[in-house]
Asks: 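Please see the structure below; I have some questions.
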Number of protein chains: 2
Amino acid sequence: MKNRNVGHGRKDGTLKQRAIETAAGMFVDAGYNGISMREISESLGVSKAALYYHFKDKQDLMVAILESYLERMESLFESDISQGRNCREQITRLVTLIFAQPPQQRAVMRLASQEMGNLDPEIREEFGRTYHRKFIRRIKSILQTGVSRGEIKLMDTASATWVLLGMMYPFFYPGSANSERDATRLVDQILTIFFDGADSRARRQDPGA
Amino acid sequence: MKNRNVGHGRKDGTLKQRAIETAAGMFVDAGYNGISMREISESLGVSKAALYYHFKDKQDLMVAILESYLERMESLFESDISQGRNCREQITRLVTLIFAQPPQQRAVMRLASQEMGNLDPEIREEFGRTYHRKFIRRIKSILQTGVSRGEIKLMDTASATWVLLGMMYPFFYPGSANSERDATRLVDQILTIFFDGADSRARRQDPGA
DNA sequence: CCTACCGATCGGTAGG
DNA sequence: CCTACCGATCGGTAGG
């Protein structure tokens with residue numbers, strides 16, 4: 001279980017990592033149920049049994065993909081974002097970084113919410129908790145601090161977090177904002193709406209400019 | 001195709017309609033691939049063959065569910081919403097009506113975007129066009145009018161439409177805003193953020209109140 | 001010859 | 001890590 005060194009000087013962990021990346025791409029394109037373990041193994045040039053050596057079952061592979069992505073998301077918080085000077089700047093950094101990822105990588109976020117229903121209830125709940133702890137909680141915390149500092153309107157920060165994530169969600173689909181130029185514009189529009197609103201009577205990002 | 005009165009005084013079309021409603025509920029709970037035609041037919045108390053009499057295949061049943069929902073959405077536009085006096089009021093009516101639906105019915109919207117990848121490319125594209133024509137286009141049009149009237153900031157209304165829909169999306173999952181009280185608060189928060197922004201320096205819905 | 005179904009089973013493929 | 005398979009179940013269709 002501990003996945004110990006098999007020795008022999010071979011490159012261990014290589015197939016496992018390749019499998020996570022390859023399968024992620026295939027699941028993103030065709031959905032969890034749209035891709036079979038056979039197809040994944042063929043893409044990797046190994047047998048199905050080889051896959052089952054590294055992953056207990058299909059679900060286990062899926063969870064590994066999601067956890068791998070979550071870890072990358074977590075690292076975003078620990079580097080750039082926390083250095084933002086206030087709530088707005090921290091959220092701006094977060095959204096910018098998310099859209100700075102390659103589209104296919106962003107799509108894993110959609111994969112997570114879309115296919116979580118295919119996981120066993122226990123696994124789903126455990127992953128849900130990890131997701132909350134490593135991602136949702138951080139965003140909520142930024143908004144909460146913003147509220148207590150008076151930077152953000154007094155509101156329910158839990159649902160506001162979901163609203164913010166929801167605003168990005170449609171653009172996690174392939175074909176949305178693939179160019180860097182589109183992404184930049186989109187990030188700008190999302191942040192403007194979230195902080196300043198769409199109403200023309202609301203303040204603009206650069207007042208008087 | 002017209003499927004009309006066959007006479008004899010029997011209740012025609014009953015099973016077909018029941019199947020659409022029952023399957024919609026099951027798909028919402030377990031996903032398109034999580035429910036078999038056998039399970040659906042058993043829930044209806046009929047044979048699988050009976051289902052296949054009314055629907056060419058599983059996909060055909062799915063499309064019928066989505067189209068049935070789209071028609072209901074379309075009717076929203078033709079009654080209440082268009083009577084809104086300006087952009088903000090029309091969008092407010094739209095969002096309010098969407099959240100006034102029972103949660104399980106709202107969830108069909110999530111089902112549509114979530115499981116569209118399981119449809120054949122041709123079918124998917126055709127449904128995508130209908131979805132755009134009956135729903136997306138209408139929202140975009142409201143925003144567009146708002147922009148040209150100066151009620152809404154100058155922005156890309158296509159992506160703004162997706163942003164607005166995205167804000168609602170997380171609450172189309174079961175367990176989100178099930179009570180009427182939650183729904184009311186949520187609608188309020190979504191509309192406030194969309195029009196006025198979360199920033200405390202932005203205008204409030206009732207200035208000075 | 002129509003409609004609205006049923007009991008039984010098909011060929012093919014899934015995860016393991 | 002592979003070859004060789006399995007038990008179960010899938011969506012779909014036969015004749016009547």
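Just so it is clear, the structure is predicted and the values come from calculations on it, not from any experiment. Letters A, B, ... mirror the listed sequences (proteins, then strands); counts begin at 1.
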Asks: Enumerate the residue pairs fulfilling ring pair (Phe, Tyr, Trp, His ring centres under 6.0 Å) with a member in residues 15-44 of chain A, sequence neighbours excluded, ordered by first and then second residue.
Replies: A/F27-A/Y32
Asks: To the nearest Å, give me how far apart CD (B/Q59) and P (D/dG11) are.
Replies: 13 Å
Asks: Who pairs with B/A64 by side-chain contact (heavy atoms from CB on, under 4.5 Å), at least two apart in sequence or on another chain?
Replies: B/I20, B/F55
Asks: Would you check if there is a donor-acceptor pair between the side chains of B/S36 and B/E39 at a distance under 3.5 Å?
Replies: yes
Asks: Is the distance from OP1 or OP2 of D/dT13 to the nearest side-chain N or O of B/Y52 less than 4.0 Å?
Replies: no
Asks: Do B/K153 and B/V147 come within less than 4.5 Å of each other through their side chains, counting heavy atoms only?
Replies: no
Asks: Write down the distance separating the P atoms in C/dA8 and D/dG12, rounded off to the nearest Å.
Replies: 22 Å
Asks: Tell me, which of residues 110-122 of chain B have any heavy atom that sits under 4.0 Å from an atom in DNA chain D?
Replies: none
Asks: Under 3.5 Å, which donor-acceptor pairs do the side chains of residues 40-50 of chain A form with other protein atoms, sequence neighbours left out?
Replies:
residue, atom, partner, partner atom, Å
A/S41, OG, A/M37, O, 3.4
A/S41, OG, A/R38, O, 2.8
A/S47, OG, A/A49, N, 3.4
A/S47, OG, A/A50, N, 3.1

Asks: How about A/I190 and A/F99: do any of their side-chain heavy atoms sit closer than 4.5 Å?
Replies: yes
Asks: State, without any angle test, whether B/T192 and B/Q189 hold a side-chain donor-acceptor pair at a distance under 3.5 Å.
Replies: no
Asks: I'd like the C1' distance from C/dT9 over to D/dG11, given in whole Å.
Replies: 13 Å
Asks: I need the CG-P distance between B/D60 and D/dG11, as an integer number of Å.
Replies: 15 Å
Asks: Can you give me the N/O atom pairs linking the protein to nucleotides 1-3 of chain D at distances under 3.5 Å, or say none if there are none?
Replies:
residue, atom, partner, partner atom, Å
D/dC2, OP1, A/S47, N, 3.3
D/dC2, OP2, A/S47, N, 2.7
D/dC2, OP2, A/S47, OG, 2.3
D/dC2, O5', A/S47, OG, 3.4

Asks: If the condition is salt bridge (charged side-chain N to carboxylate O under 4.0 Å, His left out), which residues does A/R85 pass it with, not counting sequence neighbours?
Replies: A/E89
Asks: Going by heavy atoms in the side chains, are B/M62 and B/L111 under 4.5 Å from each other?
Replies: yes
Asks: From A/I98 CD1 over to A/M168 CE, what is the distance, rounded to the nearest 0.5 angstrom?
Replies: 4.0 Å
Asks: Using heavy atoms and a sub-4.0 Å distance, could you list which residues of residues 35-44 of chain B are near DNA chain C? By number, please.
Replies: none
Asks: Would A/Q144 and A/S141 count as a side-chain hydrogen bond (donor to acceptor under 3.5 Å, both in side chains) if you check the C-alpha gap in whole Å, the side-chain angles of each, and the deciding distance to 0.1 Å?
Replies: CA-CA 5 Å; A/Q144 194 61 58; A/S141 162; over 6 Å; no
Asks: Go through the structure and list residues passing ring pair (Phe, Tyr, Trp, His ring centres under 6.0 Å) with A/F171, not counting sequence neighbours.
Replies: none
Asks: Can you tell me which stems DNA chain C forms, taking runs of 3 or more consecutive Watson-Crick or G-U pairs with both distances under 3.5 Å?
Replies: none
Asks: For residues 108-137 of chain B, pull every pair meeting salt bridge (charged side-chain N to carboxylate O under 4.0 Å, His left out), keeping only residues two or more places apart or in separate chains.
Replies: B/E74-B/K134
Asks: For DNA chain D, determine which residues of residues 20-34 of chain B have any heavy atom closer than 4.0 angstrom to one of its atoms, and list them numerically.
Replies: none
Asks: Within this structure, what is the CZ-CD1 distance for the pair B/F195 and B/I91, rounded to the nearest 0.5 Å?
Replies: 5.5 Å
Asks: Looking at residues at least two apart in the chain, or sitting in another chain, which of them share a side-chain contact (heavy atoms from CB on, under 4.5 Å) with A/S113?
Replies: A/Y169, B/Y173
